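One structure is given here, and the rest of the page talks about it.
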Amino acid sequence: MSKKIYLYGNWKMNNTYSETEKFFEEFTPAYAPLKADANLEVGIFAPFTSLWPLSQGAKKNGIVFGAQNVYYEPKGAFTGEISIPMLKEYDITHIIIGHSERRHIFLESDEVIAKKVKAVLDAGISPVLCYGETLEERESGNTFTVMERQLKSAISSLIPAEVNKIIYAYEPVWAIGTGKTATPDQAEEVCAWSRKLIGDDKVVILYGGSVKGSNAKELLSMKDIDGALVGGASLKPASFLEIYTAYKG
Ligand code: 13P
């Protein structure tokens, strides 16, 4: 039996409310032939303001969906933040936590990310925990030290049932939005290493960083890569779904 593939799209700061509605006008017929494929799980992560049309489109198509960030406190004086109870009213199933753009542009610390992961788990939602090294960290030989710090700080205080519920996404910063993909061997090396560090053979580990139809097959065929977290190529239904059809060949 072939393995299950997770195809998750992170729209980042793209797709307005009306653009999200348009996306689903195209997505629904394009996804129809794949809908019954039990080996495929599709997910989409939209900006907060597009969550309503996303929820409608996602429910209609039976795909998972969620937000790209959240604050860990349930309510209070946190101007500009969005809480988990606010998101739960949209029936979201997943939330991306610790994306490299949150870590590097918005300076989110490992400590804040750990609190977010725990709060999301406590709410019965699956965190999609992103981690990965910068080019400088890779070139200075610190890839695994950095990732060990990022992963351990997020999971070390959790119980095994919580650790298993997290979806892990290895996203080398130098491969994000650059067109420069990690080689299948580089991605596999880190994903296999992560699985050992996490200590559970069955956790879901995605690779993210310039994934597209033309490189999907070689990346997704690797043993320890369970799927892709896709940025740019997820913005259009055709380029997004092509990643899975290319993998299937
Ligand atoms: P790209 O696919 O645009 O490189 O983005 C990857 C990513 O950051 C997904 O979270």
Side-chain angles (χ1 to χ4, degrees), residues 5-15 19-20 23 27 41-48 50-51 54 58 63-70 92-108 113 116-117 120 126-135 137-138 143 146-147 150-151 154 166-184 186-188 190-191 194 204-220 222 225-247:
I5 294 288
Y6 295 76
L7 179 62
Y8 283 6
N10 172 13
W11 285 354
K12 309 192 178 185
M13 200 173 71
N14 296 290
N15 281 342
E19 285 165 350
T20 302
F23 176 93
F27 180 87
E41 177 173 306
V42 173
I44 294 179
F45 297 82
F48 295 125
S50 300
L51 282 181
L54 172 65
I63 64 171
V64 305
F65 64 101
Q68 302 166 6
N69 181 33
V70 75
I92 62 157
T93 51
H94 294 61
I95 304 178
I96 295 176
I97 302 292
H99 190 278
S100 72
E101 286 144 21
R102 302 289 330 161
R103 293 178 191 264
H104 297 290
I105 304 173
F106 301 102
L107 307 180
E108 272 186 27
I113 290 164
K116 291 184 174 189
V117 167
V120 169
S126 295
V128 179
L129 173 65
C130 300
Y131 62 102
E133 82 288 4
T134 62
L135 186 59
E137 288 161 347
R138 176 164 279 264
T143 298
V146 168
M147 290 189 306
Q150 292 178 347
L151 279 173
I166 298 173
I167 291 177
Y168 299 84
Y170 168 53
E171 300 206 311
V173 180
W174 47 273
I176 295 177
T178 57
K180 198 176 163 190
T181 323
T183 65
Q186 281 174 323
E188 169 65 14
V190 172
C191 292
S194 308
V204 175
I205 305 181
L206 315 181
Y207 165 77
S210 300
V211 179
K212 45 188 183 286
S214 57
N215 57 29
K217 192 172 178 70
E218 44 177 2
L219 284 163
L220 297 179
M222 302 308 282
I225 302 178
D226 298 305
L229 184 55
V230 185
S234 72
L235 296 175
K236 295 273 176 262
S239 51
F240 186 39
L241 294 174
E242 185 198 349
I243 292 170
Y244 185 66
T245 47
Y247 161 72

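No experiment lies behind these values; they were computed from the predicted model shown. Counting begins at 1 with the first residue of the sequence. We count ligands from 1, going down the list as the structure has it; atoms in each ligand are counted the same way.
For the pair Val230 and ligand 1, the shortest N or O to N or O distance does not fall below 3.5 Å. Ligand 1 has an N or O atom lying under 3.5 Å from an N or O atom of Glu171, backbone or side chain. Checked by distance only, ligand 1 and Thr178 stay at 3.5 Å or farther apart across all their nitrogen or oxygen atoms. At under 3.5 Å, a nitrogen or oxygen of Gly232, whether backbone or side chain, sits near a nitrogen or oxygen of ligand 1.
Taking every heavy atom of Ser210 and a limit of under 4.0 angstrom, the matching atoms of ligand 1 come to 1 (P), 2 (O), 4 (O). The contact set between ligand 1 and Gly209, taken as ligand atoms under 4.0 Å from a residue heavy atom, comprises 4 (O), 6 (C). If you number the atoms of ligand 1 from 1 as listed, the ones under 4.0 Å from a heavy atom of Ala175 come out as 4 (O).
Thr134 has its side chain within reach of His104: a pair of non-hydrogen atoms, C-beta onward, lies under 4.5 Å apart. Contact annotation: the side chain of Gln150 never approaches that of Ile113 to less than 4.5 Å [non-hydrogen atoms, C-beta and beyond]. Counting only heavy atoms from C-beta outward, the side chains of Val190 and Tyr207 never approach each other to under 4.5 Å.
A donor-acceptor pair shorter than 3.5 Å cannot be found between the side chains of Ser50 and Asn15.
When Leu219, Leu7, Ile5 are each tested for a side chain to side chain contact (heavy atoms under 4.5 Å, CB included) with Tyr247, only one passes: Ile5.
The proximity of Lys212 to ligand 1, defined as any non-hydrogen pair under 4.0 Å, does not occur for either the backbone or the side chain. With a heavy-atom cut-off of 4.0 Å, Cys130 does not touch ligand 1 at all. Contact annotation for Ile176 and ligand 1: heavy atoms of both the backbone and the side chain come within less than 4.0 Å of the ligand.
Within 6.0 Å of NZ in Lys236 there are 12 or fewer heavy atoms belonging to other residues, nucleotides or ligands.
A search for side-chain contact (heavy atoms from CB on, under 4.5 Å) contacts involving Ser234 returns Trp11, Val230, Phe240, not counting sequence neighbours.
Using a non-hydrogen distance threshold of 4.0 Å, Ala233 does not register as a contact of ligand 1.
At the top of the distance list for atom 5 (O) of ligand 1, counting protein heavy atoms only, stands Lys12 NZ, 3.2 Å. Shortest contact from atom 6 (C) of ligand 1 to any protein heavy atom: Gly231 N, 3.7 Å.
By the 30° and 60° cut-offs, the orientation of the rings of His94 relative to Tyr8 is perpendicular. In this pair, Phe27 and Phe23 present their aromatic rings parallel. The plane angle is below 30°, not in the 30 to 60° band.
When Gly177, Ser100, Ala169 are ranked by how near their heavy atoms come to atom 4 (O) of ligand 1, first place goes to Gly177.
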